[in-house]
Engineer: 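For reference, the structure I am asking about is given below.
Order of the sequence lines sets the chain letters (A, B, ...), proteins ahead of strands, with each chain counted from 1. If you're wondering where the values come from, they're calculated on a predicted model, not measured in any experiment.
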Amino acid sequence: MHAREAVGSLSAVHDPPLVAVPPETPVSVQPIRIRDIAAHAGADVHIRGWVVHHRSSGKIRFLELRDGSGYVQCVMGKNDVAPDVFAAFDDVSLEASVEVVGTVRSDPRSPGGFELGLKHLRVVGRSAEYPISPKEHGVGFLMDERHLWLRSRRQHAMLRVRAEVMRGIREYLDGQDYLPVDAPILTPNACEGTTTLFELGYFERKAYLSQSGQLYNEATAMAFGKVYCFGPTFRAEKSKTRRHLMEFWMVEPEAAFLDLDGDMALAEGMVEHVVQRVLARCRDDLATLERDVTKLESIRAPFPRISYDEAVEIIRKAGGTIEWGEDFGGDEETLLSQAFDKPVLVHRYPAQVKAFYMKRDPERPEVALCVDMIAPEGYGEIVGGGCREESLEALETRIREHGLPLETFKWFLDLRRYGSVPHAGFGLGVERTVAWITGIPHVRETIPFPRLLDRMYP
RNA sequence: UCCCCGGUAGCUCAGUCGGCAGAGCGGGUGGCUGUUAACCACCAUGUCGGCGGUUCGAAUCCGUCCCGGGGAGCCA
């Protein structure tokens with residue numbers, strides 16, 4: 001109990017111990033995170049984590065630990081430690097949780113440059129026959145073991161970049177004076193009336209999982225001027241491609257008095273900021289993922305801005321077959337992205353392929369004042385947005401044309417009855433953005449627990 | 001929903017012409033004082049995705065269903 005109390009009192013300004021330290025392990029030093037190990041060179045430290053790797057050579061034993069902040073190699077010789085400490089290694093296996101005390105020393109033979117000369121070792125939780133071995137595995141197997149796969153280096157790198165992307169998005173929008181105002185996830189009806197929604201019971205009624213915060217954003221934008229919502233979004237489409245998830249995260253800024261050029265500038269500025277922030281703060285993670293960072297370093301505003309008409313020309317010259325009036329498929333987006341080394345903003349699509357609330361170009365009623373951002377290297381559309389129709393009459397006409405029920409949009413039409421203004425916004429898909437920045441081919445690794453067609457486990 | 005590919009040990013896979021079910025890794029036991037996905041020796045492990053058919057004989061050929069992967073459509 002003495003050791004336990006000592007740790008408890010010392011750890012007031014450090015990480016508290018997550019497990020009770022038994023009396024036989026006389027831990028009297030503060031727990032540290034591996035990331036900070038260089039600051040403790042020459043000193044004794046207390047580290048808790050999981051076994052990534054272990055090797056024994058009879059009288060010398062090696063242990064590689066992960067605590068979530070980094071990796072460190074631990075060493076002990078048979079003649080350097082008490083017999084019970086040396087023997088504790090016998091219970092060590094892949095992904096067993098352990099706590100150790102040792103002396104930090106610089107050693108070029110250790111990955112990371114520092115190693116821990118062990119004084120104490122205790123197995124906190126054993127790990128029998130950990131399923132994921134250090135050898136190669138297939139995607140199907142790893143997805144079944146996703147809860148364990150998350151412990152691997154590659155997944156750490158991926159999800160740290162994701163976290164940095166999300167921080168960068170919030171930092172940028174907050175800095176532009178956008179207020180985070182989230183939209184509901186349970187909605188009474190289809191927002192855009194286009195994609196298939198997940199339906200669920202809402203007591204005696206039906207409800208749907210949100211496919212976009214767009215319509216609610218328009219209400220909050222009229223209340224606060226500049227807003228964004230950031231949360232999960234659901235699409236019940238039976239999509240089975242590397243770019244699709246049933247549940248994904250989307251940030252959607254919306255601003256009153258914003259025009260199409262301003263909307264494009266906002267999207268461009270945000271994407272530039274996010275990419276540069278990841279480059280500045282996640283170099284090691286990008287290296288782990290073997291990302292060619294020169295392709296990211298050139299992501300600086302301004303991005304090319306082309307009309308849909310021009311995009312069709314580029315696609316045709318590149319060998320694509322597309323008729324004016326059709327939306328772009330994956331192949332067309334890839335051809336288009338290959339013509340540029342930056343994200344490309346494509347504006348003024350044919351109105352027929354866009355949502356009902358998109359504003360028509362007054363000079364060309366057949367096109368909408370909208371914009372998509374196509375990521376480089378074939379990662380597809382990462383942003384979709386544009387100007388919203390602010391005229392009550394025009395919007396009512398659009399709703400009727402799309403065969404949507406006017407009464408369910410009463411509140412949405414109210415926004416045009418009471419002080420309507422020109423406004424615009426967009427949605428950016430987090431997973432596609434992370435896939436592009438990390439350079440991985442499939443979005444499923446960019447979210448901790450992907451929801452795919454026919455895959456809901458774990 | 002449609003098209004293509006696949007399913008053999010815990011994992012990754014090989015299995016020839018239809019003729020004894022295999023390797024590496026992982027696991028177990030033992031050895032080794034500087035290992036880096038350590039190494040060496042030995043040991044254990046199978047509803048060959050399910051069902052039906054052809055055959056003296058099927059992992060192998062045929063039918064069907066299930067599951068997984070890739071792609072299309074739709075979208076972020």
Side-chain angles (χ1 to χ4, degrees), chain A residues 52-64 71-81 86 90 93-95 105 107-112 115 117 127-145 148-149 152-153 192 194-197 210-214 232-252 267 271 326-334 353-355 371-375 379-385 426-436 441-444 446-447 452-455 457:
Chain A
V52 176
H53 208 63
H54 61 112
R55 295 174 287 274
S56 174
S57 184
K59 289 174 183 147
I60 185 165
R61 293 177 157 179
F62 297 90
L63 206 59
E64 192 173 345
Y71 297 83
V72 67
Q73 174 172 285
C74 308
V75 191
M76 60 180 173
K78 188 168 189 174
N79 300 325
D80 303 334
V81 296
F86 196 72
D90 294 337
S93 56
L94 208 55
E95 288 300 326
R105 59 186 180 228
D107 192 313
R109 291 171 295 185
S110 175
E115 71 177 16
S127 171
E129 298 195 37
Y130 187 69
I132 303 178
S133 68
K135 295 284 178 179
E136 287 174 21
H137 297 284
V139 173
F141 170 75
L142 289 169
M143 276 297 165
D144 284 340
E145 307 290 343
L148 303 175
W149 191 19
S152 75
R153 274 184 168 89
E192 302 180 22
T194 49
T195 57
T196 316
L197 303 189
S210 173
Q211 55 148 349
S212 167
Q214 162 58 29
T233 293
F234 306 88
R235 304 277 165 94
E237 297 287 345
K238 295 204 170 181
S239 302
K240 203 182 167 188
T241 83
R242 68 182 69 180
R243 296 195 295 271
H244 287 88
L245 296 165
M246 303 302 115
E247 175 182 328
F248 65 97
W249 282 63
M250 187 157 69
V251 60
E252 297 177 273
V271 170
E326 295 173 351
D327 204 355
F328 302 145
D331 292 345
E332 286 78 31
E333 287 177 357
T334 300
V353 302
K354 291 295 174 183
V371 60
D372 283 2
M373 187 190 290
I374 314 293
Y379 282 92
E381 182 186 344
I382 55 173
V383 166
F426 65 83
L428 175 139
V430 169
E431 288 76 17
R432 284 188 185 177
T433 302
V434 174
W436 162 49
H442 202 300
V443 293
R444 65 188 158 206
T446 66
I447 187 167
L452 301 161
L453 193 63
D454 301 327
R455 183 178 283 283
Y457 177 92

Engineer: If we ignore hydrogens and angles and just use 3.5 Å, is the side chain of A:R432 paired with the main-chain N or O of A:R243 as donor and acceptor?
Structural biologist: yes

Engineer: For nucleotides B:G22 and B:U16, find the distance between their C1' atoms and express it as a whole number of Å.
Structural biologist: 14 Å

Engineer: State which of B:C32, B:U35, B:C75 makes the closest approach to the side chain of A:H244.
Structural biologist: B:C75

Engineer: Using a cut-off of less than 4.0 Å, is there contact between a side-chain N or O of A:R444 and OP1 or OP2 of B:G70?
Structural biologist: yes

Engineer: If the C1' atom of B:G46 is compared with that of B:G7, how far apart are they to the nearest Å?
Structural biologist: 14 Å

Engineer: Within the pair A:H442 and B:G70, is there a side-chain N or O less than 4.0 Å away from OP1 or OP2?
Structural biologist: yes

Engineer: Which value, in whole Å, describes the distance between the P atoms of nucleotides B:G27 and B:A59?
Structural biologist: 31 Å

Engineer: I need the CG-P distance between A:D327 and B:A72, as an integer number of Å.
Structural biologist: 14 Å

Engineer: Provide the closest heavy-atom pair for A:Q73 versus A:P111 in the form atom of the first, atom of the second, distance.
Structural biologist: OE1-CD, 3.7 Å

Engineer: So which nucleotide from B:A76, B:G34, B:G70 ends up closest to the side chain of A:I60?
Structural biologist: B:G34

Engineer: Check every strand shown and say whether A:H54 touches a base, only sugar-phosphate, or nothing at a heavy-atom separation below 4.0 Å.
Structural biologist: nothing

Engineer: Do you know which two heavy atoms are closest between A:L452 and A:H244, and how far apart they sit?
Structural biologist: CD2-O, 3.7 Å

Engineer: For A:L452 and A:D331, take the nucleotide of RNA chain B holding the closest heavy atom to each; which residue's nucleotide lies nearer the 5' end?
Structural biologist: A:L452

Engineer: Report the distance from atom CG of A:D80 to atom P of B:G34, rounded to the nearest whole Å.
Structural biologist: 13 Å

Engineer: State plainly whether the residues A:R153 and A:E64 are in salt-bridge range, i.e. N to O under 4.0 Å.
Structural biologist: yes

Engineer: Using a cut-off of 4.0 Å on non-hydrogen atoms, how would the nucleic acid contact of A:E115 be classed: base, sugar-phosphate, or nothing?
Structural biologist: base

Engineer: Provide the distance between the two C1' atoms, one in B:C17 and one in B:U55, to the nearest whole Å.
Structural biologist: 15 Å

Engineer: Could you grab the distance from atom CG of A:D327 to atom NZ of A:K354, nearest 0.5 Å is fine?
Structural biologist: 5.5 Å

Engineer: With heavy atoms under 4.0 Å as the rule, sort A:D372 into base, sugar-phosphate or nothing.
Structural biologist: nothing

Engineer: With a 3.5 Å cut-off and just heavy-atom distances, do the side chain of A:S239 and the base of B:C75 make a donor-acceptor pair?
Structural biologist: no

Engineer: Is A:Y130 stacked against the base of B:G26, taking the criterion as centroid distance under 5.5 angstrom and interplanar angle under 30°?
Structural biologist: no

Engineer: Determine the interatomic distance between P on B:G15 and the same-named atom on B:G49; round to the nearest Å.
Structural biologist: 15 Å

Engineer: Just checking A:L94: base, sugar-phosphate only, or nothing, at a heavy-atom cut-off of under 4.0 Å?
Structural biologist: nothing

Engineer: What is the distance, to the nearest angstrom, from the NZ atom on A:K59 to the C1' atom on B:C32?
Structural biologist: 9 Å

Engineer: Hey, are A:D107 and A:R109 close enough for a salt bridge, meaning a charged N less than 4.0 Å from a carboxylate O?
Structural biologist: yes

Engineer: How many whole angstroms separate atom CD of A:E247 from atom C1' of B:C75?
Structural biologist: 16 Å

Engineer: Holding to side-chain hydrogen bond (donor to acceptor under 3.5 Å, both in side chains), I want the full list of residues that pass it with A:E95, two or more places apart in sequence or in another chain.
Structural biologist: A:R66, A:R151

Engineer: Provide the distance between the two C1' atoms, one in B:A58 and one in B:C62, to the nearest whole Å.
Structural biologist: 11 Å

Engineer: Shorter than 3.5 Å, N or O on both sides, protein versus nucleotides 11-14 of chain B: list them out with atom names.
Structural biologist:
from  : atom 1 : to     : atom 2 : distance (Å)
B:C11 : O2'    : A:E136 : O      : 3.4
B:C11 : O2'    : A:H137 : ND1    : 2.4
B:U12 : OP1    : A:G138 : N      : 3.1
B:U12 : O4'    : A:E136 : O      : 3.4

Engineer: Look at the side chain of A:R455 and decide which nucleotide, out of B:G69, B:G73, B:G34, has an atom nearest to it.
Structural biologist: B:G69

Engineer: Looking across every strand, which nucleic acid part, if any, lies under 4.0 Å from A:K78 by heavy atom: base, sugar-phosphate, or nothing?
Structural biologist: nothing

Engineer: Select base, sugar-phosphate, or nothing to describe what A:Q73 touches, counting heavy atoms under 4.0 Å on all strands.
Structural biologist: base

Engineer: How many whole angstroms separate atom CD of A:E129 from atom C1' of B:G28?
Structural biologist: 9 Å

Engineer: Is there a side-chain contact between A:W249 and A:V434, using heavy atoms and a 4.5 Å cut-off?
Structural biologist: no

Engineer: Look at all strands and tell whether A:V383 reaches a base, only sugar-phosphate, or nothing, counting heavy atoms closer than 4.0 Å.
Structural biologist: sugar-phosphate

Engineer: Both distances under 3.5 Å, Watson-Crick or G-U wobble: report the partner of B:U12, or none.
Structural biologist: B:A23

Engineer: Counting only side-chain heavy atoms from C-beta out, which of B:C74, B:G34, B:G70 sits nearest to A:R109?
Structural biologist: B:G34

Engineer: Between A:Q211 and A:M250, what is the shortest heavy-atom contact and its length?
Structural biologist: O-CE, 3.9 Å

Engineer: What's the CD1-P distance between A:I132 and B:G27, to the nearest Å?
Structural biologist: 14 Å

Engineer: Provide, to the nearest angstrom, the distance between the CZ atom belonging to A:F328 and the P atom belonging to B:A72.
Structural biologist: 16 Å

Engineer: Which of the following nucleotides, B:G73, B:U35, B:A37, is nearest to the side chain of A:K238?
Structural biologist: B:G73

Engineer: Any idea which heavy atoms bring A:S56 and A:R61 closest together, and the distance?
Structural biologist: OG-NE, 3.4 Å

Engineer: Roughly, in whole Å, what's the span from NZ in A:K240 to C1' in B:C3?
Structural biologist: 11 Å

Engineer: When you compare B:U60 with B:G53, how far apart are their P atoms, in angstrom units rounded to a whole number?
Structural biologist: 14 Å

Engineer: Using purine N1 to pyrimidine N3 plus N6-O4 or O6-N4 for Watson-Crick, or N1-O2 and O6-N3 for G-U wobble, each under 3.5 Å, what pairs with B:A37?
Structural biologist: none

Engineer: Need the pair for B:C17. Rule: Watson-Crick or G-U wobble, both distances under 3.5 Å, any strand; none if unpaired.
Structural biologist: none

Engineer: Looking only at N and O atoms, is any donor in the side chain of A:R61 or the base of B:C32 less than 3.5 Å from an acceptor on the other one?
Structural biologist: no

Engineer: How far, in whole Å, is B:C13 from B:G6 if one measures between their P atoms?
Structural biologist: 13 Å

Engineer: Could you check A:S93 against A:R55 and say which one's nearest nucleotide on RNA chain B is further toward the 5' end?
Structural biologist: A:S93

Engineer: Strictly by Watson-Crick or wobble contacts shorter than 3.5 Å, is anything paired with B:C51, and which nucleotide is it?
Structural biologist: B:G63

Engineer: Exactly one of A:V75, A:N79, A:D80 should register a side chain to side chain contact (heavy atoms under 4.5 Å, CB included) with A:I60. Which one does?
Structural biologist: A:V75

Engineer: Hunt down the Watson-Crick or G-U wobble partner of B:C75, both distances under 3.5 Å, from any strand shown, or write none.
Structural biologist: none

